[in-house]
Amino acid sequence: MKYSFVIPIYNEQENLPELVKRLGQIGDRLDGRAEFILVNDGSRDRSLEMMREIHQRDPRFVYLSFARNFGHQIAVTAGLSFAQGQAVTVMDGDLQDPPELVLEMIDRWQAGYHVVYAQRTKRHRENPLKQFYAYVFYRLLKRLADVDIPTDTGDFCLMDRQVVNVLNAMPERNRYLRGLRAWIGFRQTSVQFERAARFAGDRKYTFRKSFSLALNGLVSFSRVPLRLATYTGLIAALLSVIMAILVLYWRLAQTNSPVTGFAAILIAVFFLGAVQLVSIGILGEYIGRIYEEVKGRPLYIVAETAGLERQDAAQYADVSEP
Ligand code: UDP
Ligand code: MG
């Protein structure tokens, strides 16, 4: 097997026929055997039935199906662990990542790069608010993260077998794949593209899912938020010394002090209370992730596969027929 494609699918029945058509055409133009791994992330529409038919018609398309929705990052993780190709491409199932760009990525791979990631220069017809969040988030992440995570890149990329092997060996549960990919290193390069609008259907990433992905990226790759609590604490301590001196001075030397009554006290109490709660919240984010990691539950549960070789079940539970 030379090329693998990993495509997470969550309620994409409107997109599957076009996706399969375009990928099939790409497959015909490749210089080696290719497999297209569709990962059904607990779709509630006809996606799974369609995958069964697609596999019957064209055995280059194989699939695995989760027992429920585990999320995009986990779906990609699963696909990667089943992929057998020497070059593995990860792309979305809604045709926002143009399959034709893969040919350009393959050129780079053949020129000796281990990771070729796609970088968006423009987004078409996306919610302006989302574009704004994304813009701010990627730049914040770049400043805070321990590794250099390139801005405006998603999961759309091509990875060499060596890199995929490293990713597969990583046990962590809170997977922020574009960060892990940058962390691994090797020779990486980018190709630029304009992100198309969805071919059909609505976004499957709700605001909540996007937010938790972003938070995951920050917390998994930076300890700066933890230090933030220390810094605010130090500043508050310094201010409190100054305030203590001032308050004493006013009380002793002046008859009418500028800070009197409840208002000043209330503001101070609320402000410090808020700072403390936020600090506890930040701690909680890290501790919650430690808890997730320690529980060691399987990352996902595979209910059905077709055309895939079974893997040793280290990361997941497989309840499909042997
Ligand atoms: N997806 C998934 N599980 C989810 C949400 C999304 O497998 O819980 C898939 C979805 O089917 C699509 C890809 O992840 O192939 C990207 O999702 P979407 O297009 O909604 O995200 P966006 O491109 O808007 O960031
Ligand atoms: Mg999309």
Side-chain angles (χ1 to χ4, degrees), residues 71 73-74 77 129-155 166-167 170-185 188 205-252 257-297 299:
Q73 300 288 301
I74 301 297
T77 302
L129 204 60
K130 192 215 148 173
Q131 294 195 28
F132 173 73
Y133 292 144
Y135 183 87
V136 172
F137 167 72
Y138 282 116
R139 272 136 200 95
L140 186 72
L141 185 65
K142 194 166 176 69
R143 300 211 63 162
L144 298 188
D146 310 329
V147 286
D148 195 11
I149 303 174
T151 50
D152 302 318
T153 59
D155 293 321
V166 179
L167 261 184
M170 285 189 177
E172 68 187 88
R173 258 123 244 291
N174 289 291
R175 298 181 91 79
Y176 185 67
L177 290 169
R178 49 199 87 160
L180 295 176
R181 187 181 71 208
W183 182 89
I184 291 174
Q188 308 213 356
Y205 253 97
T206 54
F207 177 76
R208 227 187 73 209
K209 278 183 178 168
S210 297
F211 184 76
S212 84
L213 179 69
L215 204 61
N216 225 345
L218 272 182
V219 173
S220 302
F221 285 92
S222 175
R223 274 170 303 175
V224 175
L226 282 174
R227 254 171 253 149
L228 228 53
T230 318
Y231 296 149
T232 12
L234 285 175
I235 294 168
L238 194 74
L239 285 179
S240 75
V241 173
I242 298 171
M243 271 312 278
I245 295 170
L246 275 178
V247 168
L248 272 179
Y249 168 75
W250 287 325
R251 188 77 187 88
L252 298 175
S257 144
V259 275
T260 48
F262 282 129
I265 294 173
L266 276 183
I267 291 170
V269 168
F270 275 106
F271 177 73
L272 286 178
V275 167
Q276 285 172 15
L277 286 177
V278 170
S279 305
I280 294 173
I282 293 175
L283 266 183
E285 286 299 330
Y286 285 84
I287 293 174
R289 279 169 178 76
I290 299 173
Y291 183 51
E292 283 297 313
E293 300 289 338
V294 168
K295 271 190 291 190
R297 282 191 192 145
L299 263 183

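Residue numbers count from 1 along this sequence.
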Q: Could you list the residues that satisfy side chain to side chain donor-acceptor pair (under 3.5 Å) with Asp146, not counting sequence neighbours?
A: none

Q: Going by side chain to side chain donor-acceptor pair (under 3.5 Å), name the residues that satisfy it together with Asp155, two or more places apart in sequence or in a different chain.
A: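 Asp155 satisfies side chain to side chain donor-acceptor pair (under 3.5 Å) with Gln73, Arg178 once adjacent residues are dropped.
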
Q: Just by distance, do the side chain of Arg143 and the backbone of Arg139 share a donor-acceptor pair under 3.5 Å?
A: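 Flag not set: sc Arg143 to bb Arg139 has no pair under 3.5 Å.
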
Q: Surrounding CZ of Phe211 (heavy atoms of other residues, nucleotides or ligands, distance under 6.0 Å), is the total greater than 12?
A: no

Q: For residues 280-291, which residue pairs pass the salt bridge (charged side-chain N to carboxylate O under 4.0 Å, His left out) check, not counting sequence neighbours?
A: Glu285-Arg289

Q: Got a sec, which residues hit side chain to side chain donor-acceptor pair (under 3.5 Å) with Tyr205, two or more places apart in sequence or on another chain?
A: His72

Q: Can you list the residues that meet the ring pair (Phe, Tyr, Trp, His ring centres under 6.0 Å) rule with Tyr133, with sequence neighbours excluded?
A: Phe207

Q: Quick one: which residue pairs count as a salt bridge (charged side-chain N to carboxylate O under 4.0 Å, His left out) with a foot in residues 227-236, not counting sequence neighbours?
A: none

Q: Taking all non-hydrogen atoms of both residues, which atom of Arg175 and which atom of Met170 are closest, and how far apart?
A: NH1-O, 3.0 Å

Q: Using side-chain heavy atoms (C-beta onward) and a distance below 4.5 Å, is Lys142 in contact with Ile149?
A: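 They are not in contact (no side-chain heavy atoms under 4.5 Å apart), so the answer is no.
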
Q: Is the backbone of Val219 close enough, under 3.5 Å, to the side chain of Ser222 for a donor and an acceptor to pair up by distance?
A: no

Q: Could you tell me whether a side-chain N or O of Glu172 sits under 3.5 Å from a main-chain N or O of Glu293, the two making a donor and an acceptor?
A: no

Q: Indicate the atoms forming the closest heavy-atom contact of Phe221 with Leu180, along with that distance.
A: CZ-N, 3.4 Å

